[in-house]
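Report on the structure given below.
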Amino acid sequence: MCMQMQNPMLFYAVQVDQDGKLTNLFWRDSLSKFDYDCFGDVVMLDTTYHVSKYNMICAPFLGVNHHWKNTLFGCALLLDETVNSFIWLFETFLEAMGNRAPRTIFTDQDQAIEKAVEKVFPNAQHCVCTSQIAKNAAKKIPNLYEKPEFRDRYFSKLLYGCETESVFESTWKEMEEEWGTKDNSWLNRLYESRNKWSAAFGRGIFSCGIRSTQRSEGTNDIFRLMPANSMDLIGFVHHYEQQLKYIREIEVRDDHSSRGKPELVVSNNAILTHAAVAYTRTIFSKFYEEFLQSMSERVLDCSCDGAVSEYTLVCHGIQGKNVVKFDSVNFSVSCGCKLFESSGWLCRHALYVLNGNIKVTKIPSAYVLKRWTKGAKDCIVHDDSPQVSPCSSKISRYSTLMRKAFAVMSLAAEDEDTMRIAMQNLDKMVEEILRHKSNLLTKDGEVNSDRFVNANEVSYSISETSITDHPRRKAKGVTGDGVESKLEKKRKKSSKGATSTAIQSRGD
């Protein structure tokens with residue numbers, strides 16, 4: 001609540017059990033909401049780390065910004081990993097983000113999470129972390145996974161190396177026949193969810209070019225650096241906020257590094273010049289790699305049907321063919337490799353066709369995703385935004401103003417000149433608002449309470465329900481003296497079936 005008094009757009013939600021003990025907590029600040037508005041198409045949830053002396057589960061929500069680096073959308077602390085806890089978490093996250101669900105969500109391999117995703121995000125693509133599947137395989141099938149002949153030839157290929165569904169199915173069948181795994185229950189369950197983790201089934205699913213929550217491990221290392229055994233929950237929140245600030249400082253430095261246009265070896269190519277101007281440096285380097293590799297492509301076959309041309313491309317030394325369709329009227333292009341659909345930048349095959357057409361003088365606008373551009377965070381507030389009614393709350397007005405202010409801040413932070421322009425106009429706005437407020441004074445010098453609200457006053461209906469600590473718990477698999485106290489057994493028994501209650505939810 002203290003954090004929210006400083007930033008009214010901060011959102012938080014708390015759950016307690018029947019005894020008023022803390023069970024689940026989620027929060028995100030205003031900038032995280034703004035980042036989600038820009039980059040919330042792909043979300044990663046990592047639940048592999050436990051924090052604090054209470055052994056609560058740390059569950060950060062992460063995304064990928066326009067520099068292809070992690071950004072934080074919020075964080076949760078969970079008491080358990082039940083379906084109900086994850087449903088509460090996802091519903092709370094959805095509320096905190098304006099009821100806008102992600103296109104794709106990456107999670108760990110967990111049946112409770114899977115059920116919760118199906119309920120709360122029914123239209124999102126659910127992908128499972130491949131790195132954790134490999135870790136689970138070492139535990140669930142150690143007699144097989146420890147053998148390189150099984151792990152490298154079959155299991156790793158099924159995770160990463162099958163380019164088509166037919167190749168995946170044939171590889172799986174060969175594995176069953178050679179290693180006798182047809183009746184293995186864990187592998188059978190893994191097979192049933194193959195569309196969530198195998199690269200063969202991931203084509204066309206937008207993932208920002210990532211395929212697992214292993215991407216989140218770099219950020220989660222931040223949490224591992226904490227003295228987890230001694231840090232309390234409030235200390236963890238402060239540590240999280242400090243690291244969040246550090247991540248944002250890195251983004252600011254990346255924004256500055258992306259200014260201008262990189263020096264190009266091929267200076268007169270229109271498509272390459274357009275990419276250098278539009279994309280951030282990191283994304284341009286990925287685009288540039290595809291552009292260079294397009295020079296190795298050759299046309300095996302070509303056919304036309306009106307304005308639509310179909311090219312079959314091959315590359316020396318690489319097996320397989322790629323079919324590209326190109327419409328010369330609207331400059332639409334598609335490729336069977338589906339790199340654009342999954343990553344958001346054009347593949348070498350499509351670039352080969354576009355670069356060979358004299359009419360194409362830049363990347364077609366449909367294939368330049370704003371989320372990868374230097375202006376990814378510019379002017380995301382549109383004129384058709386819902387208007388705030390005269391009787392709206394101060395928090396609602398604050399929220400609307402903050403969203404518009406972010407657009408100004410993003411533009412003004414580019415350099416000293418834009419900042420000077422913004423500061424001058426902000427000073428004028430402050431003067432005008434103060435004049436307006438002084439005009440609201442009645443003749444006897446009292447404030448018209450119907451129209452004037454003290455700028456320093458923030459009103460909250462604080463819940464009377466107090467939140468208390470829950471008993472310390474051991475992490476899964478953590479060994480101790482092997483003796484469980486009677487008090488601990490009684491707590492476990494009494495907590496069975498207890499439902500958590502959401503007692504507070506604040507924000508925009």
**Message:** Is any side-chain heavy atom of L77 closer than 4.5 Å to one of Y240?
**Reply:** no
**Message:** So Q132 and D110, do their side chains get closer than 4.5 Å, heavy atoms only?
**Reply:** no
**Message:** Applying side chain to side chain contact (heavy atoms under 4.5 Å, CB included) to D108 and D46, what does each step give before you reach the verdict?
**Reply:** CA-CA 7 Å; D108 301 316; D46 190 346; 3.7 Å; yes
**Message:** Aromatic contact between F121 and F90, with the criterion being ring centroids under 6.0 Å apart: yes or no?
**Reply:** yes
**Asked** How far apart are the closest heavy atoms of S131 and C129, and which atoms are they?
**Response** OG-SG, 2.8 Å
**Request:** Please assess T92 against R28 for the test side-chain hydrogen bond (donor to acceptor under 3.5 Å, both in side chains), listing each intermediate value before the final yes or no.
**Result:** CA-CA 11 Å; T92 301; R28 63 105 180 112; over 6 Å; no
**Asked** Which is it for W345 and I363 under the side chain to side chain contact (heavy atoms under 4.5 Å, CB included) test, yes or no, and what are the steps along the way?
**Response** CA-CA 10 Å; W345 52 82; I363 307 170; over 6 Å; no
**Message:** Quick check: do S30 and F34 have side-chain heavy atoms less than 4.5 Å from each other?
**Reply:** no
**Prompt:** Under 6.0 Å from the six-membered ring centre of F284 and within 45° of its axis: does the NZ or CZ of R281 meet both?
**Reply:** no
**Atom CD of E249 with >12 non-hydrogen neighbours under 6.0 angstrom** = yes
**Message:** Do I205 and C127 have side chains that approach each other closer than 4.5 Å (heavy atoms only, starting at C-beta)?
**Reply:** yes
**Prompt:** Heavy atoms, side chains only, cut-off 4.5 Å: are P60 and L72 in contact?
**Reply:** yes
**Message:** Checking F206 against W372 for the ring pair (Phe, Tyr, Trp, His ring centres under 6.0 Å) test, could you report, in this order, the C-alpha distance in whole Å, the side-chain angles of both residues, the deciding distance, and whether it holds?
**Reply:** CA-CA 13 Å; F206 187 70; W372 294 134; 7.0 Å; no
**Request:** Output, in order, the C-alpha distance, side-chain angles, deciding distance and verdict of side chain to side chain contact (heavy atoms under 4.5 Å, CB included) for N184 and W179.
**Result:** CA-CA 11 Å; N184 186 285; W179 292 90; over 6 Å; no
**Asked** Under 3.5 Å, side chain of R371 to main-chain N/O of V64, donor-acceptor pair present?
**Response** yes
**Item:** Heavy-atom side-chain contact between H66 and I283 under 4.5 Å
**Value:** no
**Asked** So, the side chain of T171 versus the backbone of L158: is there a donor-acceptor pair under 3.5 Å, distance only?
**Response** no
**Message:** In the structure I gave you, are the side-chain heavy atoms of I133 and L190 within less than 4.5 Å of one another anywhere?
**Reply:** yes
**Asked** Between T130 (side chain) and L159 (backbone), is there a donor-acceptor pair under 3.5 Å?
**Response** no
**Prompt:** So, S170 side chain and V167 main chain: donor-acceptor pair closer than 3.5 Å or not?
**Reply:** yes
**Asked** Would you say W27 and E241 make side-chain contact, with heavy atoms under 4.5 Å?
**Response** yes
**Message:** Quick test of your reading of the model: are E169 and R194 salt-bridged, counting only N-O distances below 4.0 Å?
**Reply:** yes
**Item:** Contact list for residues 282-306, test salt bridge (charged side-chain N to carboxylate O under 4.0 Å, His left out), sequence neighbours left out
**Value:** E290-R348
**Donor-acceptor side-chain pairing of S296 and H316 below 3.5 angstrom** = no
**Neighbour count above 12 (heavy atom, 6.0 Å) for Q111 CD** = no
**Between T280 and T282, a side-chain donor and acceptor under 3.5 Å** = no
**Request:** If a pair satisfies side chain to side chain donor-acceptor pair (under 3.5 Å) and one of its residues is in residues 141-156, list it, with sequence neighbours excluded.
**Result:** Y154-E178
**Asked** Side chain of S85, backbone of E81: donor and acceptor closer than 3.5 Å?
**Response** no
**Prompt:** Can you say whether the rings of Y279 and F287 are parallel (under 30°), tilted (30 to 60°) or perpendicular (over 60°)?
**Reply:** tilted
**Message:** Apply side chain to side chain contact (heavy atoms under 4.5 Å, CB included) to residues H349 and L339 and explain how you reach the verdict.
**Reply:** CA-CA 10 Å; H349 318 110; L339 178 69; over 6 Å; no
**Message:** Between the side chains of K33 and D37, is the shortest nitrogen-to-carboxylate-oxygen separation below 4.0 Å, so that they form an ion pair?
**Reply:** yes
**Request:** Flag yes if more than 12 heavy atoms outside N99 fall under 6.0 Å of its CG atom; otherwise flag no.
**Result:** yes
**Prompt:** Are the side chain of D41 and the backbone of T104 linked by a donor-acceptor contact shorter than 3.5 Å?
**Reply:** no
**Request:** Using a strict cut-off of less than 4.0 Å between a Lys/Arg side-chain nitrogen and an Asp/Glu carboxylate oxygen, indicate whether K377 and E251 qualify as a salt bridge.
**Result:** yes
**Prompt:** What is the ring orientation for Y191 with W172, classed by angle as parallel under 30°, tilted 30 to 60°, or perpendicular over 60°?
**Reply:** tilted
**Prompt:** Under the 3.5 angstrom rule, does the side chain of K370 hit a backbone N or O of C38 as a donor-acceptor pair?
**Reply:** no
**Item:** Side chain Y36, main chain A96, donor-acceptor under 3.5 Å
**Value:** no
